[in-house]
Amino acid sequence: MKAYQTIYRQLRSSKGFSVEPAPLVNFSTSPYSCGRKKKNPYEEVDQTKYSTLIRSVLSFRGLGQTPESLFEEDSLLYGPVSKHKPLKQDKGARVPRNWFPIFNPERNDSSDPNTNDFSTPLKIPLQRTLIPSVTRVLQQTMTAQQVFYLERWKQRMILELGEDGFAEYTSNIFLQGKQFHEALESILSPQGNIKERDENLLKCGYIESIQHILKDVSGVRALESAVQHETLKYVGLLDCVAEYQGKLCVIDWKTSEKPKPFIRNTYDNPLQVVAYVGAINHDANYSFQVQCGLIVVAYKDGSPAHPHFMDAELCSQYWTKWLLRLEEYAEKKKNQHIQKAD
(Lines give C-alpha, C1' and ligand atoms only; values in the text may rest on other atoms or scores of the structure.)
Protein backbone atom coordinates (compact mmCIF):
# COMPACT_ATOMS: atom_id res chain seq x y z
CA MET A 1 0.00 0.00 0.00
CA LYS A 2 2.90 2.34 0.79
CA ALA A 3 4.33 1.65 -2.62
CA TYR A 4 1.09 2.86 -4.33
CA GLN A 5 1.02 6.00 -2.18
CA THR A 6 4.64 6.78 -3.14
CA ILE A 7 3.84 6.40 -6.89
CA TYR A 8 0.75 8.64 -6.50
CA ARG A 9 2.77 11.44 -4.82
CA GLN A 10 5.43 11.25 -7.56
CA LEU A 11 2.80 11.55 -10.30
CA ARG A 12 1.15 14.57 -8.65
CA SER A 13 4.48 16.32 -8.25
CA SER A 14 5.37 15.76 -11.95
CA LYS A 15 4.86 18.76 -14.23
CA GLY A 16 1.70 18.89 -16.37
CA PHE A 17 -0.13 16.18 -14.52
CA SER A 18 -3.35 16.97 -12.67
CA VAL A 19 -6.35 15.03 -11.54
CA GLU A 20 -9.74 16.83 -11.70
CA PRO A 21 -13.07 15.37 -10.76
CA ALA A 22 -15.23 14.41 -13.73
CA PRO A 23 -18.43 16.38 -14.22
CA LEU A 24 -21.66 14.66 -13.38
CA VAL A 25 -23.78 13.50 -16.35
CA ASN A 26 -27.49 13.20 -16.01
CA PHE A 27 -29.05 10.45 -18.09
CA SER A 28 -32.78 10.67 -18.59
CA THR A 29 -35.36 9.11 -20.93
CA SER A 30 -37.64 12.12 -20.75
CA PRO A 31 -38.05 13.99 -24.10
CA TYR A 32 -38.00 17.29 -22.26
CA SER A 33 -34.51 16.75 -20.88
CA CYS A 34 -32.87 17.58 -24.22
CA GLY A 35 -31.48 21.04 -24.58
CA ARG A 36 -33.06 21.56 -28.07
CA LYS A 37 -36.77 21.10 -28.45
CA LYS A 38 -37.84 18.97 -31.42
CA LYS A 39 -40.02 20.59 -34.04
CA ASN A 40 -43.52 19.27 -34.48
CA PRO A 41 -43.95 18.45 -38.21
CA TYR A 42 -47.68 19.11 -38.02
CA GLU A 43 -46.99 22.76 -37.10
CA GLU A 44 -45.47 23.29 -40.55
CA VAL A 45 -48.66 22.23 -42.41
CA ASP A 46 -50.37 25.01 -44.36
CA GLN A 47 -53.58 25.20 -42.31
CA THR A 48 -55.31 27.51 -44.78
CA LYS A 49 -54.57 25.34 -47.83
CA TYR A 50 -55.79 22.12 -46.24
CA SER A 51 -58.51 23.56 -43.98
CA THR A 52 -61.33 21.87 -45.88
CA LEU A 53 -59.66 18.50 -45.65
CA ILE A 54 -58.83 18.98 -41.96
CA ARG A 55 -62.41 19.96 -41.12
CA SER A 56 -63.80 16.93 -42.97
CA VAL A 57 -61.46 14.59 -41.12
CA LEU A 58 -62.09 16.15 -37.67
CA SER A 59 -65.84 16.28 -38.18
CA PHE A 60 -66.06 12.57 -39.13
CA ARG A 61 -68.40 10.77 -36.73
CA GLY A 62 -68.33 7.24 -38.16
CA LEU A 63 -71.01 7.80 -40.77
CA GLY A 64 -71.68 4.94 -43.18
CA GLN A 65 -69.65 5.22 -46.38
CA THR A 66 -70.34 4.04 -49.88
CA PRO A 67 -67.85 2.96 -52.57
CA GLU A 68 -68.45 6.31 -54.28
CA SER A 69 -67.54 8.29 -51.15
CA LEU A 70 -64.43 6.16 -50.64
CA PHE A 71 -63.32 6.86 -54.20
CA GLU A 72 -63.91 10.59 -53.62
CA GLU A 73 -61.77 10.53 -50.46
CA ASP A 74 -59.02 8.57 -52.23
CA SER A 75 -59.08 11.07 -55.06
CA LEU A 76 -58.85 13.95 -52.58
CA LEU A 77 -56.03 12.33 -50.60
CA TYR A 78 -53.97 10.72 -53.37
CA GLY A 79 -55.09 12.47 -56.54
CA PRO A 80 -56.78 10.98 -59.64
CA VAL A 81 -56.28 7.31 -60.46
CA SER A 82 -53.70 6.69 -63.18
CA LYS A 83 -54.61 4.11 -65.81
CA HIS A 84 -52.77 0.81 -65.64
CA LYS A 85 -50.24 0.43 -68.41
CA PRO A 86 -50.48 -2.89 -70.30
CA LEU A 87 -47.65 -5.31 -69.74
CA LYS A 88 -45.09 -5.38 -72.45
CA GLN A 89 -45.09 -8.52 -74.55
CA ASP A 90 -42.53 -11.10 -73.58
CA LYS A 91 -39.56 -10.69 -75.88
CA GLY A 92 -39.04 -14.44 -75.86
CA ALA A 93 -42.46 -15.04 -77.46
CA ARG A 94 -41.68 -14.21 -81.07
CA VAL A 95 -44.42 -13.75 -83.62
CA PRO A 96 -44.00 -14.43 -87.35
CA ARG A 97 -43.83 -11.30 -89.45
CA ASN A 98 -45.78 -12.87 -92.30
CA TRP A 99 -48.54 -14.95 -90.82
CA PHE A 100 -50.14 -17.67 -92.94
CA PRO A 101 -52.81 -20.14 -91.71
CA ILE A 102 -52.05 -23.82 -91.41
CA PHE A 103 -55.61 -24.75 -92.38
CA ASN A 104 -57.22 -23.81 -95.67
CA PRO A 105 -60.54 -21.97 -95.13
CA GLU A 106 -61.52 -22.63 -98.76
CA ARG A 107 -61.14 -26.40 -98.44
CA ASN A 108 -63.62 -28.59 -96.63
CA ASP A 109 -62.62 -31.57 -94.56
CA SER A 110 -63.21 -34.36 -97.06
CA SER A 111 -63.30 -37.18 -94.54
CA ASP A 112 -66.36 -38.81 -96.07
CA PRO A 113 -65.11 -41.76 -98.16
CA ASN A 114 -68.26 -41.59 -100.28
CA THR A 115 -67.29 -38.21 -101.73
CA ASN A 116 -63.74 -39.18 -102.74
CA ASP A 117 -62.02 -42.15 -104.30
CA PHE A 118 -59.23 -43.19 -101.95
CA SER A 119 -58.94 -46.78 -103.10
CA THR A 120 -55.42 -46.03 -104.29
CA PRO A 121 -53.30 -43.87 -101.99
CA LEU A 122 -51.55 -40.92 -103.58
CA LYS A 123 -47.86 -41.37 -104.21
CA ILE A 124 -46.57 -38.21 -105.87
CA PRO A 125 -42.84 -38.35 -106.65
CA LEU A 126 -40.61 -35.63 -105.24
CA GLN A 127 -39.18 -33.47 -108.02
CA ARG A 128 -35.77 -31.84 -107.81
CA THR A 129 -36.27 -28.13 -107.39
CA LEU A 130 -34.59 -25.01 -106.06
CA ILE A 131 -37.31 -24.71 -103.42
CA PRO A 132 -35.93 -25.79 -100.02
CA SER A 133 -37.17 -28.98 -98.41
CA VAL A 134 -38.60 -29.21 -94.90
CA THR A 135 -35.58 -31.23 -93.80
CA ARG A 136 -33.15 -28.66 -95.14
CA VAL A 137 -34.91 -25.77 -93.41
CA LEU A 138 -34.84 -27.59 -90.08
CA GLN A 139 -31.16 -28.52 -90.46
CA GLN A 140 -30.12 -24.98 -91.38
CA THR A 141 -32.00 -23.38 -88.48
CA MET A 142 -31.06 -25.63 -85.58
CA THR A 143 -30.40 -23.81 -82.34
CA ALA A 144 -26.89 -23.50 -80.94
CA GLN A 145 -27.85 -25.97 -78.21
CA GLN A 146 -29.04 -28.54 -80.76
CA VAL A 147 -25.84 -28.17 -82.77
CA PHE A 148 -23.76 -28.57 -79.60
CA TYR A 149 -25.46 -31.80 -78.49
CA LEU A 150 -25.39 -33.24 -82.00
CA GLU A 151 -21.68 -32.54 -82.35
CA ARG A 152 -20.96 -33.92 -78.88
CA TRP A 153 -22.83 -37.15 -79.72
CA LYS A 154 -20.89 -37.45 -82.96
CA GLN A 155 -17.53 -37.02 -81.23
CA ARG A 156 -18.44 -39.60 -78.60
CA MET A 157 -19.41 -42.13 -81.27
CA ILE A 158 -16.18 -41.51 -83.20
CA LEU A 159 -14.12 -42.03 -80.04
CA GLU A 160 -15.95 -45.27 -79.39
CA LEU A 161 -16.17 -46.66 -82.94
CA GLY A 162 -13.49 -44.78 -84.86
CA GLU A 163 -14.03 -42.82 -88.07
CA ASP A 164 -14.73 -45.89 -90.22
CA GLY A 165 -16.87 -47.53 -87.57
CA PHE A 166 -18.99 -44.39 -87.17
CA ALA A 167 -19.47 -44.13 -90.94
CA GLU A 168 -20.63 -47.76 -91.03
CA TYR A 169 -22.93 -47.17 -88.06
CA THR A 170 -24.69 -44.19 -89.69
CA SER A 171 -24.97 -46.10 -92.96
CA ASN A 172 -26.67 -49.00 -91.17
CA ILE A 173 -29.06 -46.66 -89.37
CA PHE A 174 -30.07 -45.08 -92.68
CA LEU A 175 -30.53 -48.52 -94.29
CA GLN A 176 -32.66 -49.80 -91.41
CA GLY A 177 -34.88 -46.72 -91.61
CA LYS A 178 -35.30 -47.14 -95.34
CA GLN A 179 -36.20 -50.83 -95.01
CA PHE A 180 -38.62 -50.01 -92.19
CA HIS A 181 -40.48 -47.53 -94.38
CA GLU A 182 -40.55 -49.97 -97.30
CA ALA A 183 -42.06 -52.63 -95.08
CA LEU A 184 -44.65 -50.15 -93.80
CA GLU A 185 -45.56 -49.20 -97.36
CA SER A 186 -46.13 -52.87 -98.16
CA ILE A 187 -48.33 -53.29 -95.07
CA LEU A 188 -50.41 -50.14 -95.60
CA SER A 189 -50.91 -50.55 -99.35
CA PRO A 190 -54.46 -51.74 -100.17
CA GLN A 191 -53.06 -54.39 -102.51
CA GLY A 192 -51.03 -55.87 -99.70
CA ASN A 193 -48.24 -56.96 -102.03
CA ILE A 194 -45.48 -58.05 -99.73
CA LYS A 195 -42.32 -58.88 -101.56
CA GLU A 196 -40.38 -61.95 -100.57
CA ARG A 197 -37.38 -59.88 -99.62
CA ASP A 198 -39.55 -57.96 -97.15
CA GLU A 199 -40.85 -61.00 -95.26
CA ASN A 200 -37.91 -60.93 -92.88
CA LEU A 201 -38.40 -57.21 -92.40
CA LEU A 202 -42.00 -57.76 -91.36
CA LYS A 203 -40.70 -59.91 -88.51
CA CYS A 204 -38.11 -57.37 -87.37
CA GLY A 205 -38.29 -55.52 -84.07
CA TYR A 206 -39.48 -52.21 -85.56
CA ILE A 207 -42.57 -53.79 -87.14
CA GLU A 208 -43.29 -55.73 -83.97
CA SER A 209 -42.98 -52.49 -82.04
CA ILE A 210 -45.82 -50.78 -83.94
CA GLN A 211 -48.33 -53.65 -84.11
CA HIS A 212 -50.62 -52.10 -81.47
CA ILE A 213 -50.66 -48.83 -83.44
CA LEU A 214 -51.33 -50.39 -86.84
CA LYS A 215 -54.60 -51.75 -85.45
CA ASP A 216 -55.87 -48.16 -85.15
CA VAL A 217 -54.69 -47.04 -88.61
CA SER A 218 -57.13 -47.14 -91.52
CA GLY A 219 -58.26 -45.20 -94.60
CA VAL A 220 -54.80 -44.57 -96.05
CA ARG A 221 -54.84 -41.50 -98.34
CA ALA A 222 -51.15 -41.07 -99.24
CA LEU A 223 -47.90 -43.04 -98.91
CA GLU A 224 -44.39 -41.69 -99.45
CA SER A 225 -45.90 -38.75 -101.31
CA ALA A 226 -44.45 -35.33 -102.12
CA VAL A 227 -46.08 -32.10 -100.93
CA GLN A 228 -45.43 -28.49 -101.82
CA HIS A 229 -46.65 -25.33 -100.13
CA GLU A 230 -47.46 -23.12 -103.09
CA THR A 231 -47.40 -19.88 -101.07
CA LEU A 232 -44.62 -20.38 -98.51
CA LYS A 233 -42.41 -22.14 -101.08
CA TYR A 234 -41.13 -25.34 -99.51
CA VAL A 235 -41.42 -29.03 -100.38
CA GLY A 236 -41.30 -32.32 -98.53
CA LEU A 237 -41.84 -36.07 -98.73
CA LEU A 238 -44.34 -37.29 -96.13
CA ASP A 239 -44.53 -40.85 -94.85
CA CYS A 240 -48.26 -41.40 -94.64
CA VAL A 241 -51.68 -39.77 -94.47
CA ALA A 242 -54.29 -41.99 -92.86
CA GLU A 243 -56.92 -42.13 -90.16
CA TYR A 244 -55.70 -42.90 -86.66
CA GLN A 245 -58.50 -43.71 -84.24
CA GLY A 246 -60.89 -42.00 -86.62
CA LYS A 247 -58.82 -38.80 -87.01
CA LEU A 248 -57.20 -37.98 -90.34
CA CYS A 249 -53.49 -37.44 -89.64
CA VAL A 250 -50.13 -36.90 -91.21
CA ILE A 251 -48.24 -39.87 -89.76
CA ASP A 252 -44.48 -39.72 -89.37
CA TRP A 253 -42.79 -43.05 -88.61
CA LYS A 254 -39.55 -42.76 -86.64
CA THR A 255 -37.03 -45.29 -85.32
CA SER A 256 -35.04 -44.89 -82.14
CA GLU A 257 -32.62 -46.83 -79.97
CA LYS A 258 -33.68 -44.87 -76.88
CA PRO A 259 -37.20 -44.53 -75.43
CA LYS A 260 -39.03 -41.33 -76.36
CA PRO A 261 -42.17 -41.38 -74.22
CA PHE A 262 -42.90 -37.66 -74.52
CA ILE A 263 -43.34 -35.44 -77.56
CA ARG A 264 -40.59 -33.13 -76.31
CA ASN A 265 -38.18 -36.06 -76.73
CA THR A 266 -38.79 -35.98 -80.50
CA TYR A 267 -37.00 -32.63 -80.96
CA ASP A 268 -37.97 -31.10 -84.35
CA ASN A 269 -40.25 -33.93 -85.49
CA PRO A 270 -43.45 -31.99 -84.59
CA LEU A 271 -42.28 -29.10 -86.80
CA GLN A 272 -41.78 -31.54 -89.65
CA VAL A 273 -45.30 -32.92 -89.21
CA VAL A 274 -47.02 -29.52 -89.14
CA ALA A 275 -44.99 -28.42 -92.16
CA TYR A 276 -46.49 -31.37 -94.08
CA VAL A 277 -49.97 -30.64 -92.70
CA GLY A 278 -49.84 -27.02 -93.87
CA ALA A 279 -48.43 -28.04 -97.27
CA ILE A 280 -51.14 -30.64 -97.90
CA ASN A 281 -53.88 -28.17 -97.04
CA HIS A 282 -52.57 -25.72 -99.66
CA ASP A 283 -51.34 -28.16 -102.31
CA ALA A 284 -53.63 -28.48 -105.35
CA ASN A 285 -52.67 -32.15 -105.72
CA TYR A 286 -54.61 -32.97 -102.54
CA SER A 287 -58.37 -32.47 -102.38
CA PHE A 288 -58.76 -33.16 -98.66
CA GLN A 289 -57.69 -31.26 -95.57
CA VAL A 290 -55.71 -32.61 -92.61
CA GLN A 291 -56.01 -31.16 -89.11
CA CYS A 292 -54.04 -33.62 -86.97
CA GLY A 293 -50.62 -35.23 -86.82
CA LEU A 294 -49.10 -38.39 -85.36
CA ILE A 295 -45.48 -39.19 -84.55
CA VAL A 296 -44.79 -42.89 -84.00
CA VAL A 297 -41.44 -43.86 -82.44
CA ALA A 298 -40.62 -47.54 -83.07
CA TYR A 299 -37.92 -49.49 -81.26
CA LYS A 300 -35.53 -52.09 -82.63
CA ASP A 301 -35.93 -54.40 -79.64
CA GLY A 302 -39.64 -54.74 -80.35
CA SER A 303 -40.85 -52.89 -77.26
CA PRO A 304 -44.18 -51.06 -77.78
CA ALA A 305 -43.78 -47.91 -79.87
CA HIS A 306 -44.74 -44.53 -78.45
CA PRO A 307 -47.47 -42.66 -80.40
CA HIS A 308 -47.56 -38.87 -80.02
CA PHE A 309 -50.88 -37.51 -81.24
CA MET A 310 -51.15 -33.86 -82.23
CA ASP A 311 -54.63 -32.35 -82.36
CA ALA A 312 -55.57 -29.21 -84.30
CA GLU A 313 -54.69 -26.89 -81.40
CA LEU A 314 -51.27 -28.42 -80.84
CA CYS A 315 -50.59 -28.37 -84.59
CA SER A 316 -51.40 -24.65 -84.64
CA GLN A 317 -48.91 -23.99 -81.82
CA TYR A 318 -46.11 -25.80 -83.63
CA TRP A 319 -47.10 -24.12 -86.89
CA THR A 320 -46.12 -20.75 -85.40
CA LYS A 321 -42.68 -22.14 -84.59
CA TRP A 322 -42.37 -23.56 -88.11
CA LEU A 323 -43.14 -20.15 -89.64
CA LEU A 324 -40.41 -18.61 -87.49
CA ARG A 325 -37.93 -21.23 -88.70
CA LEU A 326 -38.91 -20.46 -92.31
CA GLU A 327 -38.26 -16.76 -91.73
CA GLU A 328 -34.92 -17.52 -90.10
CA TYR A 329 -33.93 -19.68 -93.06
CA ALA A 330 -34.92 -16.95 -95.54
CA GLU A 331 -32.91 -14.39 -93.55
CA LYS A 332 -29.82 -16.61 -93.59
CA LYS A 333 -30.08 -17.13 -97.34
CA LYS A 334 -30.47 -13.40 -97.85
CA ASN A 335 -27.35 -12.64 -95.80
CA GLN A 336 -25.40 -15.27 -97.73
CA HIS A 337 -26.33 -13.63 -101.03
CA ILE A 338 -25.28 -10.23 -99.70
CA GLN A 339 -21.91 -11.60 -98.59
CA LYS A 340 -21.35 -13.20 -101.99
CA ALA A 341 -22.23 -9.94 -103.71
CA ASP A 342 -19.69 -8.07 -101.58
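Any value given below was found using the heavy atoms of this structure, including those in side chains, with hydrogens, waters and symmetry copies removed.
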Are the side chains of [X] and [Y] in touch, meaning some heavy atoms are under 4.5 Å apart?
X      : Y      : answer
Gln140 : Glu328 : no
Trp322 : Ile102 : no
His229 : His282 : yes
Tyr244 : Ile213 : yes
Leu184 : Cys240 : no
Ile263 : Tyr318 : yes
Phe309 : Gln245 : no

CA sep, side-chain torsions, deciding dist, call: Val290, Tyr276, side-chain contact (heavy atoms from CB on, under 4.5 Å): CA-CA 9 Å; Val290 183; Tyr276 294 154; over 6 Å; no

Show the nearest heavy-atom pair for residues [X] and [Y], with the distance to one decimal.
X      : Y      : value
Cys315 : Gly293 : SG-N, 3.9 Å
Ser218 : Ala242 : O-CB, 3.5 Å
Val274 : Leu271 : CG2-O, 3.2 Å
Leu294 : Val273 : N-CG1, 4.4 Å
Thr170 : Ala167 : OG1-O, 2.9 Å
Glu327 : Arg97  : OE2-N, 2.7 Å

Could you tell me whether the side chain of [X] and the main chain of [Y] form a donor-acceptor pair under 3.5 Å?
X      : Y      : answer
Ser209 : Tyr299 : yes
His212 : Ala305 : yes
Asn281 : Gln289 : no
Gln211 : Ile207 : yes
Trp99  : Leu323 : no
Ser316 : Ala312 : yes
Glu185 : Glu224 : no

Gap separating the [atom1] atom of [X] from the [atom2] atom of [Y], nearest 0.5 angstrom:
X      : Y      : atom1 : atom2 : result
Lys334 : Tyr329 : NZ    : OH    : 15.5 Å
Asn285 : Ser225 : CG    : OG    : 8.0 Å
Gln291 : Lys247 : CD    : NZ    : 9.0 Å
Thr255 : Gln179 : OG1   : CD    : 11.5 Å
Met310 : Gln317 : CE    : CD    : 9.0 Å
Glu313 : Cys292 : CD    : SG    : 11.5 Å

Plane angle bin for Phe288 and Tyr286 - parallel if under 30°, tilted between 30 and 60°, otherwise perpendicular: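 Tyr286 vs Phe288 ring planes: perpendicular.
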
Geometric class of the Tyr206/Phe180 ring pair [parallel <30°, tilted 30-60°, perpendicular >60°]: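 Answer is tilted, since the angle falls between 30° and 60°.
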
Path from Val137 to Leu324 over hydrophobic side-chain contacts below 4.5 Å: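 Looking at the clustering, Leu324 is in a separate group from Val137.
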
Which salt bridge (Lys or Arg N to Asp or Glu O under 4.0 Å) pairs, counting each pair once, include a residue from [range], with sequence neighbours left out?
range            : result
residues 147-168 : none
residues 289-304 : none
residues 268-288 : Asp268-Arg325
residues 250-262 : Asp252-Lys254

Heavy-atom neighbours of Tyr267 OH exceed 12 at 6.0 Å: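 Counting neighbours around OH of Tyr267, 12 or fewer heavy atoms of other residues, nucleotides or ligands fall under 6.0 Å, so no.
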
Remaining members of the apolar cluster that contains Leu150, side-chain heavy atoms under 4.5 Å: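 The other cluster members (ILVMFWY side chains, heavy atoms under 4.5 Å, direct or chained) are Met142, Val147, Trp153, Met157, Ile158, Leu161, Phe166, Tyr169, Ile173.
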
Derivation and outcome, side-chain contact (heavy atoms from CB on, under 4.5 Å), residues Asn269 and Val297: CA-CA 10 Å; Asn269 293 156; Val297 185; 5.9 Å; no

Show which side-chain atoms of residues 124-134 pair as donor or acceptor with protein atoms under 3.5 Å away, not counting sequence neighbours.
{"from": "Thr129", "atom 1": "OG1", "to": "Ile131", "atom 2": "N", "distance (Å)": "3.2"}
{"from": "Ser133", "atom 1": "OG", "to": "Arg136", "atom 2": "N", "distance (Å)": "3.1"}

